[in-house]
2 protein chains.
Amino acid sequence: MNKDVLVLGAGRSSRFLLKQLADFCEKTGRILTVCDASKQELDKHTADLSLERKIFNASDAVELEQIIDGKEIVVSLLPPFMHPTIAALCLKNKAHFASASYVGEAMRALDFEARSAGLVFLNELGLDPGIDHLSAMKAMDEIREGGGEITSFESYCGGLVSEAYCAGNPWKYKFSWNPRNVVLAGQGGNSVYRQNHQIRSIPWHRLFAEANSLSIPNLGEFDAYANRDSLSYSSLYRLDEVSTLLRGTLRRENYCKNWQVLVALGFTDAQSPLPDDVCSVNDLCCALTGKETDQLLSAWLLENNWIRPEQTIWFDYLNLENKQELGFKPNNAAEVLEAVLLDKWKLMPGDCDEVVMYHRIGFVKDGRKQLLHSVLRVTGEDEMHTAMAKTVGLPLALGVELVLSGNCPERGVVIPVSKFWYNGILPRLEQMGIRFAEHTEFCD
Amino acid sequence: MNKDVLVLGAGRSSRFLLKQLADFCEKTGRILTVCDASKQELDKHTADLSLERKIFNASDAVELEQIIDGKEIVVSLLPPFMHPTIAALCLKNKAHFASASYVGEAMRALDFEARSAGLVFLNELGLDPGIDHLSAMKAMDEIREGGGEITSFESYCGGLVSEAYCAGNPWKYKFSWNPRNVVLAGQGGNSVYRQNHQIRSIPWHRLFAEANSLSIPNLGEFDAYANRDSLSYSSLYRLDEVSTLLRGTLRRENYCKNWQVLVALGFTDAQSPLPDDVCSVNDLCCALTGKETDQLLSAWLLENNWIRPEQTIWFDYLNLENKQELGFKPNNAAEVLEAVLLDKWKLMPGDCDEVVMYHRIGFVKDGRKQLLHSVLRVTGEDEMHTAMAKTVGLPLALGVELVLSGNCPERGVVIPVSKFWYNGILPRLEQMGIRFAEHTEFCD
C-alpha cells in the first residue's frame, strides 16, 4: 500500500510545513519527497531536514505523474492554477491531495470522482483560507450548541509586519507573501458581501475607497477592505439568514485611503500596455497624472485635492518621481509599481512579520444580544521564519497528518469546516503558539 | 474575370451603402449580392433596391467561402472580430476586402500576403475612423504643401442626436449606433494621448473624469473624452513632433461628469458576475451604492457628495430605483444599464440623429502661429435614414468604387490617408451634403 508523502514546491512558505511533515514521516516510517524547480530554493529550505529532494519541471505532465506515482498524498504549494491538473493526476494514481488554495470550479468538478475513488482532496487549509475556517466554525458551533443564534459574522485577516520594523515607512507594510497579489488586490472581480441585510458589490477600482476603520481588541486600529465574494461562504457557514456576512483583509491604519489614490490613478493596472516612452517611474507617474516632470507627486495630489497635507509623506516615501531608467521593460503599470515596492517593502534580515486574524460574531442567546471577539496574533521569528509561513504551513501539515491517520470521515473535494478538522488541528496549533484570545460582551 | 460585389451584413448602418453600391453596380454591369442572417433585416433595408439577397450563417466558413467565391470585392459590415477570417477567405479567393473597422493585429498580419496577391484590404473607411482620416490628412497636406509646420492636432467626433429630440432627457443622448459600445466606452484599455508635449495614459475607470469641455465653432459647447490610443496615429499622420495629439469622442455638455458617476459606482462593469439576489435595477443600485431600498439614487449621491444639486435630474431621469423584476437574467451590471438605456435612449419615429466632427490643427506658417478649425455636422433624415448610417456607409461605398476603378495605387492592408483616397472620396461626399466648414485664425 502507498504510504509516502510528496510535497510540490519548496518556496518561502514551505519551511514550517516541511519540518512538521519530515518529523511526522520519520515517526511513521514514511518517505517524504520534496520537489522544486530550483535546486537553490530546495537546498535553502530543506538543508536541515531528512527527506528526498528532487528537481522537477511542474509543467511536464509525464514527469509529474512519475513523481506522484506510488504516493499516498500529494501536497501542493505550487500556484493555484496548477492544482486541478495535479489533482487529476492524483485521481489517476489513487493519491490524496492537499493545498492551502481556494477551491475553484475546476477543482470542484473533481468532487464526484474523488469521492467515488475514496480520496480526500483537501483545500483551503492554510491561514486565510484555513485557520479562519477552523476557528470560525468552532466558535459558531459552540454558540449554536449552547443555544445561541448567530446574527452577524465578520472575519478579518492580514499578513502584516510588526510596526517596529517599519520606521520611516508610513504604509507600515512589507511583503510577507506574494507581492504581485498585494499590488493586484481585489482585481479578480467585484467584492461582494452583506451588511445590515443589504448586499453590496464593490468594483475593484473603488474597493479601497470603501474600506472601513476597524478596532481590534488589544491590537488597536486597522483598515479593513472586503475580500472577494463573502457570500460564497453563506451556505457553507450556514449564515444565509444573518444580517452581516463579511470577510475582510487587514492593513495598518490609513493604508487603504492612500492605496486607493494609486488604484484610482492607474498605478495598479495590469491590463493596459504602457506607452513606448515610459522608461522611468517618473515617466509613468507623469502619464497617469499629468503632473510636470519635476513636480513632486504629493504636490500634484495636494493641488488637485486628491489628498490632505498629512498624506504627503505616504507618497514622498514611495519616490514615484524617480527618473532613473527602469532596469526592465515593463508590460504595464502594475509591474512598475511592484518593482518600486519590492525595493521598499522587502523583509530585511531580522524583520519580523505579523499575522492578525479577528472574528467578530454577533449572536442572541437567552434573549440577550452578544458579541464574540476572537483574536489571533502570530509574530514571525525572523525574515525567513515568518508568521506567514508558519500559519500557512502548519495547518496544512496537520491536515495531511489527519488524512493519513485513516480516521477522516470525509471524501471528495473538502474544505475543512467540520469538527473533525478543527478538533484535530486547533489544539495542536495552540501547542505551537497559534492561539486565539476570545471574549464575549453583552450588547444590550 | 470576377467583377461582382458582395456585402456581408444588412444592419442599420447598411442602408446608404447599399443604395450607393446598387446604383454603381447597375451602371457598371456588376451583380451586387447582400447577405444577412436575418431575412427581416434584409428585406427591411433592401426592399427598394435591385440586388441579390441571401440569408446566410456567417459562422459557417464553408458557406462563407461559397458566397465569396467569384466576387471581385467583399464589403463587411459584420462585427470587427470576424474581419480577419473573412479577409483570409478573400485572400484564398482573390477578392478585395473593405470595412469601416479599425485595423487590429490579425488584419495587419495579412498585409504581406494581400500585397503579394495584388489585393486591396481597405479598412477604417467609415465615419470615425474614416472621414476623419480623409479630412484630416487633406487639411494637413495642404498646410504642409503651403509651407506650414503642424504643431498640434486634435480631432473629435460624436454620434449624437439633435437636441430638439431630447426633451426631458438631460443626457441629450440617444443610440444611433451599437448601444453596448456606448455602455462599455473606454474599457478596451487605458486611453493614451499627448498634450503639451506630455504623454497621458488614462485608466478607463477615470476616463470620463478626465473629459474636457470643448467649444466647437458655430455649434457650441460639448464634452470630449480621449478615444483609445491616439499615439498609434502618430507616425501614420506624421505627427511625431507635435505638442498635442489627441483623438476624442464628443458628448453633449455635462454628459461626462454624470456618466463618470455611473462608471465609478460600477454600473458599466461587464466583468463581474452579479450577486444572485439582484433581480431588479433597484437591487443592483443598492448593491453598488449601499443606498436604502426606498431611497432615491440622486438623494444618496447628493448625501455622499458624488453630485451637486443641479445634477439630480440626470439620475432621476434614469429611474435606477425601478423595482420591477428584470425580464432577463443579467450576467453583469453593464447588461442591466444597457437594458435601462435601450428603453430611454432609443431613436423614436421621426427622431433625427446628428454626427459632429471637428479638427483643430495648430500650425506655424511664415512665422505666424495659426489654428485651422474644420467642422462637419450631418443631420439624419429620420430614425431609419440616420446621419450615422450615411456617414459610415457612403465613404465605404465610394472607397469600394475606387478599388474597383482599377486606378488604386495601393495594395495590401490599407488605411485611407493618402491623396488618392481623399481626392477620390471627399468631393463626392460634398455633393452628397457631407461637407466640412473650415476657417483659420491667427493666434499671435
- Note on the structure: Looking only at A:V192, A:L288, A:V278, the option with the highest number of non-hydrogen pairs under 4.5 Å against chain B is A:L288

- Query: Using non-hydrogen atoms only, which part of A:L284 is less than 4.5 Å away from chain B: side chain, backbone, both, or neither?
  - Reply: neither

Pairs of donor and acceptor atoms, chain A with chain B, under 3.5 Å:
unit_1, atom_1, unit_2, atom_2, d
A:N190, N, B:S272, OG, 2.5
A:N190, OD1, B:S272, OG, 3.4
A:Q198, NE2, B:K291, O, 2.3
A:R200, NE, B:A287, O, 3.0
A:R200, NH2, B:L288, O, 3.2
A:R200, NH2, B:T289, O, 3.2
A:S201, N, B:A287, O, 2.8
A:S272, OG, B:N190, N, 2.5
A:S272, OG, B:N190, OD1, 3.4
A:A287, O, B:R200, NE, 2.9
A:A287, O, B:S201, N, 2.8
A:L288, O, B:R200, NH2, 3.2
A:T289, O, B:R200, NH2, 3.3
A:K291, O, B:Q198, NE2, 2.3

- Sequence neighbours left out, what passes side chain to side chain contact (heavy atoms under 4.5 Å, CB included) with B:P273? Give chain and number order. none

- Heavy-atom closest contact (A:P203 atom, B:L265 atom, distance): CG-O, 3.5 Å

